[in-house]
Amino acid sequence: EWDLTPSSSLPLPVAEPELPSGQVRLASAFYVERVPYEAQCYKELLQPGALIRIKAPRQVGKTSLMARILYHAKEDGNYRTVPLSFQHADTEVFTNLNQLLRWFCAKISWKLKLPHQIDDFWSDIYGSKDNCTAYFEDCLLSESDSPLVLGLDEVDRVFQYPKIADDFFGLLRAWYEEAGYGDRDSNVWEKLRLVVVHSTEVYIPLDVNQSPFNVGLPIELPEFSFEQVQNLTQRHGLNWKQSQIEQLMVLVGGHPYLVRLALYHIAQGQITLEELLKTAPTEAGLYDDHLRRHLWTLKQHPELAAAFSKVVTATTPVELDSLQAFKLHSMGLVK
C-alpha cells in the first residue's frame with residue numbers, strides 16, 4: 001500500500017513567477033490540486049490491470065495530472081512509469097498499424113532503458129498485434145515484478161487515422177480484459193496499468209466491444225471553481241476583492257490556462273485587470289493565439305461554426321445535433 005494523499009511526496013514548490021505553457025512543473029507553486037480526481041487515480045492504479053481515462057478540452061490540465069499520477073506511482077508505489085506522447089511520433093509512424101506498434105514498443109523500451117529487441121519478436125507468421133502482445137509479455141512486463149504504468153498522452157493523434165485507430169485501441173482494450181480473465185497470462189497483464197489522455201470525443205466509429213473508452217475509470221476534468229481561482233490570485237501575490245475575481249471569471253470562466261495567463265501578466269505588472277477586460281476579445285489581447293486556434297478550427301468545419309454561432313447568439317437554451325454538441329463541448333466552447 002502506498003500513501004494516497006495527493007502530492008504527498010512532490011518536490012517542495014518554488015514561487016518564482018511562471019508563464020503558463022503546457023504541463024505545469026511538478027515543483028510549481030501554481031499547480032492546483034484536482035480534488036477528488038488525484039486521490040481517485042492513485043487508488044485506481046493499485047488495482048491490477050487498471051485503466052484510467054482522462055478527458056478534457058485542451059489546456060485544462062490533463063498532462064499535468066498525468067505527470068503527477070506517474071510521479072506518485074514511481075515515488076510512492078515503486079512502479080515503473082513511462083510517459084509517452086503521440087505528438088512525438090513522426091507522420092510516417094502512422095503509415096500502417098505495424099509501423100505504429102513497432103514505434104510504440106521501441107519507444108517504451110528506450111524509456112525503460114531496455115535493449116532494443118523488436119526485430120527478435122517481430123515475426124511475419126503472426127500479425128502485428130500478436131507480435132506487439134508477445135513483446136509486451138516477454139520483454140516489457142516479464143522484465144520486472146514491478147507494475148508498468150504507461151501514460152499515453154495526446155492519443156487524439158491516432159484518431160486521425162481511423163483504419164489504424166480501430167486496431168490500436170482494440171488492442172489496448174484486449175490487454176485490459178486479459179488482466180481479468182484469471183488464467184496464467186492474467187498474472188502478466190495485471191502488471192500493466194494504463195493512463196490514457198485525450199481532448200476530443202472519439203469521433204471514429206469504434207466497436208463498442210473493442211473500445212477502451214467505455215471501460216476503466218473515467219476522469220473528465222472540470223474548470224477551476226471560484227475558490228480555486230481565488231487561491232491562485234493569492235499565490236500570485238494579488239490581493240483581489242471578490243468582485244475582481246468574478247469579473248475575470250465572467251470573461252474566461254474557470255479555464256485553467258486562461259486564468260493563469262491573466263494572473264501571470266497582471267502580477268508582472270504588464271497589464272491591469274481593467275485593460276485585460278477591455279482588450280481580451282481583440283487581436284491585441286492576451287488571448288489572441290487561443291482565439292485564433294478556435295477560429296481556425298471553426299473555419300475548417302463550417303457546420304461547427306454554424307452550430308456555435310447558433311449558441312452564442314441565442315438568448316434562451318438551444319438544442320444542437322448531438323455530434324456537433326459533443327465536438328464543441330470537447331473543444332471547450334460550449335457547456
request  = Could you please spell out the steps behind the side chain to side chain contact (heavy atoms under 4.5 Å, CB included) verdict for Ile54 and Val196?
outcome  = CA-CA 6 Å; Ile54 302 174; Val196 181; over 6 Å; no
request  = Compare every heavy atom of Arg260 with every heavy atom of Val24, then report the nearest pair and how far apart it is.
outcome  = CG2-NH1, 3.5 Å
inquiry  = For Phe213 and His198, I'd like to know if the aromatic rings sit close, meaning centre-to-centre distance below 6.0 Å.
reply    = yes
Chi angles and distances behind the salt bridge (charged side-chain N to carboxylate O under 4.0 Å, His left out) call for Lys335, Glu223 = CA-CA 11 Å; Lys335 295 182 181 178; Glu223 293 187 341; 3.6 Å; yes
ask   = When rounded to the nearest 0.5 angstrom, what is the spacing between CG in Leu140 and OG in Ser109?
value = 5.0 Å
ask   = With a cut-off of under 6.0 Å to the ring centre and 45° to the axis, is Arg68 in cation-pi contact with Tyr31?
value = yes
Show the atom names and distances, to 0.1 Å, of all donor-acceptor pairs under 3.5 Å that link a side chain in residues 278-290 to residues at least two apart or in another chain.
from: Thr279; atom 1: OG1; to: Glu275; atom 2: O; distance (Å): 2.9
from: Thr282; atom 1: OG1; to: Thr279; atom 2: O; distance (Å): 2.7
from: Thr282; atom 1: OG1; to: Ala284; atom 2: N; distance (Å): 3.2
from: Thr282; atom 1: OG1; to: Gly285; atom 2: N; distance (Å): 3.4
from: Glu283; atom 1: OE1; to: Arg292; atom 2: NH2; distance (Å): 2.8
from: Tyr287; atom 1: OH; to: Leu258; atom 2: O; distance (Å): 2.7
from: Asp288; atom 1: OD1; to: Arg292; atom 2: NE; distance (Å): 3.1
from: His290; atom 1: ND1; to: Gln59; atom 2: OE1; distance (Å): 3.2

request  = Look at the side-chain heavy atoms of Ile, Leu, Val, Met, Phe, Trp and Tyr, link any pair under 4.5 Å apart, and say whether Phe226 and Trp240 land in one connected group.
outcome  = yes
Connected hydrophobic set around Val35, excluding itself, where side chains approach under 4.5 Å = none
ask   = Do you know which two heavy atoms are closest between Glu154 and Phe86, and how far apart they sit?
value = O-CB, 3.4 Å
query = Mind checking what makes ring pair (Phe, Tyr, Trp, His ring centres under 6.0 Å) contact with Tyr37, not counting sequence neighbours?
reply = none
query = Can you check whether Glu274 reaches Leu277 side chain to side chain, under 4.5 Å on heavy atoms?
reply = no
inquiry  = Test of understanding: with side-chain hydrogen bond (donor to acceptor under 3.5 Å, both in side chains), list the residues that count as partners of Gln270, not counting sequence neighbours.
reply    = His265
note = Asp138 meets the side-chain hydrogen bond (donor to acceptor under 3.5 Å, both in side chains) criterion, sequence neighbours left out, with none
ask   = Going by heavy atoms in the side chains, are Glu143 and Leu112 under 4.5 Å from each other?
value = no
request  = Measure the shortest side-chain to side-chain distance between Leu148 and Tyr79 over non-hydrogen atoms and say whether it is less than 4.5 angstrom.
outcome  = no
ask   = When you look at NZ of Lys74, are more than 12 heavy atoms from neighbouring residues, nucleotides or ligands closer to it than 6.0 Å?
value = no
message = Testing the basics here: between Met66 and Val197, what is the closest heavy-atom pair and its distance to 0.1 Å?
response = SD-CG2, 3.7 Å
ask   = Does a side-chain heavy-atom distance below 4.5 Å link Leu192 with Val149?
value = no
Rounded distance (nearest 0.5 Å) linking atom CD of Glu75 with atom OG1 of Thr81 = 8.5 Å
All pairs passing side chain to side chain donor-acceptor pair (under 3.5 Å) where residues 243-254 contributes a residue, at least two apart = Gln242-Glu246
Side-chain atoms of residues 307-314: list all donor-acceptor pairs with protein atoms under 3.5 Å, sequence neighbours left out, distances to 0.1 Å.
from: Lys310; atom 1: NZ; to: Glu319; atom 2: O; distance (Å): 3.4
from: Thr313; atom 1: OG1; to: Ser309; atom 2: O; distance (Å): 2.7

query = Going through the checks in order, is the ring pair (Phe, Tyr, Trp, His ring centres under 6.0 Å) test met by Tyr42 and Tyr71?
reply = CA-CA 10 Å; Tyr42 300 155; Tyr71 181 87; 9.8 Å; no
query = From Tyr257 OH over to His255 NE2, what is the distance, rounded to the nearest 0.5 angstrom?
reply = 9.0 Å
request  = List in chain and number order the residues that pass ring pair (Phe, Tyr, Trp, His ring centres under 6.0 Å) with Phe136, two or more places apart in sequence or in another chain; answer none if no residue qualifies.
outcome  = Phe104, Trp175
ask   = Val229 versus Met249: any side-chain heavy-atom pair under 4.5 Å?
value = yes
request  = Give every residue pair that meets the salt bridge (charged side-chain N to carboxylate O under 4.0 Å, His left out) criterion with at least one member in residues 90-102, sequence neighbours excluded.
outcome  = Arg102-Asp119
ask   = Do the side chains of Leu172 and Leu152 get nearer than 4.5 Å, heavy atoms only?
value = yes
inquiry  = In this structure, would Leu295 and Leu251 fall into the same cluster of hydrophobic residues linked by side-chain contacts under 4.5 Å?
reply    = no
inquiry  = Set out, in order, the CA-CA distance, both residues' side-chain angles and the distance that settles side chain to side chain contact (heavy atoms under 4.5 Å, CB included) for Leu221 and Lys55, then state yes or no.
reply    = CA-CA 6 Å; Leu221 284 183; Lys55 176 187 174 294; over 6 Å; no
message = So Arg34 and Pro222, do their side chains get closer than 4.5 Å, heavy atoms only?
response = yes
ask   = Parallel, tilted or perpendicular: which fits the ring planes of Phe30 and His236, with parallel below 30° and perpendicular above 60°?
value = tilted
message = I need the Trp103 CH2 to Asn98 CG distance, nearest 0.5 Å.
response = 14.5 Å
query = Hey, what do you get for CD1 (Ile219) to SG (Cys41), rounding to the nearest 0.5 Å?
reply = 4.0 Å
message = If the condition is side-chain hydrogen bond (donor to acceptor under 3.5 Å, both in side chains), which residues does Thr63 pass it with, not counting sequence neighbours?
response = Asp153
inquiry  = I'd like to know if Leu114 and Leu101 are part of one continuous hydrophobic network [Ile/Leu/Val/Met/Phe/Trp/Tyr, side-chain heavy atoms within less than 4.5 Å].
reply    = yes
query = Heavy-atom count around Tyr126 OH within 6.0 Å, excluding the residue itself: above 12?
reply = no
note = With sequence neighbours left out, the residues meeting salt bridge (charged side-chain N to carboxylate O under 4.0 Å, His left out) with Glu177 are Arg173
task = Consider only side-chain heavy atoms of I, L, V, M, F, W and Y, link residues closer than 4.5 Å, and tell whether Val215 and Phe168 are in one cluster.
result = yes
inquiry  = To the nearest 0.5 Å, what is the distance between CG on Leu320 and NE2 on His329?
reply    = 12.5 Å
request  = Begin with the C-alpha distance, continue with both residues' side-chain angles, and end with the deciding distance and a verdict on side chain to side chain contact (heavy atoms under 4.5 Å, CB included) for Ser144 and Arg80.
outcome  = CA-CA 9 Å; Ser144 166; Arg80 296 177 297 155; 3.7 Å; yes
ask   = Can you name the nearest heavy-atom pair linking Lys62 to Arg58, along with the distance?
value = NZ-CA, 3.8 Å
remark   = Students should find that the hydrophobic cluster of Val250, defined by side-chain heavy atoms under 4.5 Å apart, otherwise consists of none
task = Evaluate the criterion side chain to side chain contact (heavy atoms under 4.5 Å, CB included) for residue pair Ile108 and Leu150; output intermediate values, then yes/no.
result = CA-CA 9 Å; Ile108 295 168; Leu150 293 185; 3.8 Å; yes
Within 6.0 Å of NZ in Lys163, more than 12 heavy atoms from elsewhere = no
message = With a 6.0 Å cut-off (strictly less than), is the heavy-atom count around CG of Asp321, excluding the residue itself, greater than 12?
response = yes
task = Locate the shortest heavy-atom distance separating Gln23 from Ala67; write the atom from each residue and the value.
result = NE2-CB, 3.2 Å
task = Heavy atoms only: give me the nearest Ile118-Cys105 pair and the separation to one decimal.
result = CD1-CB, 3.6 Å
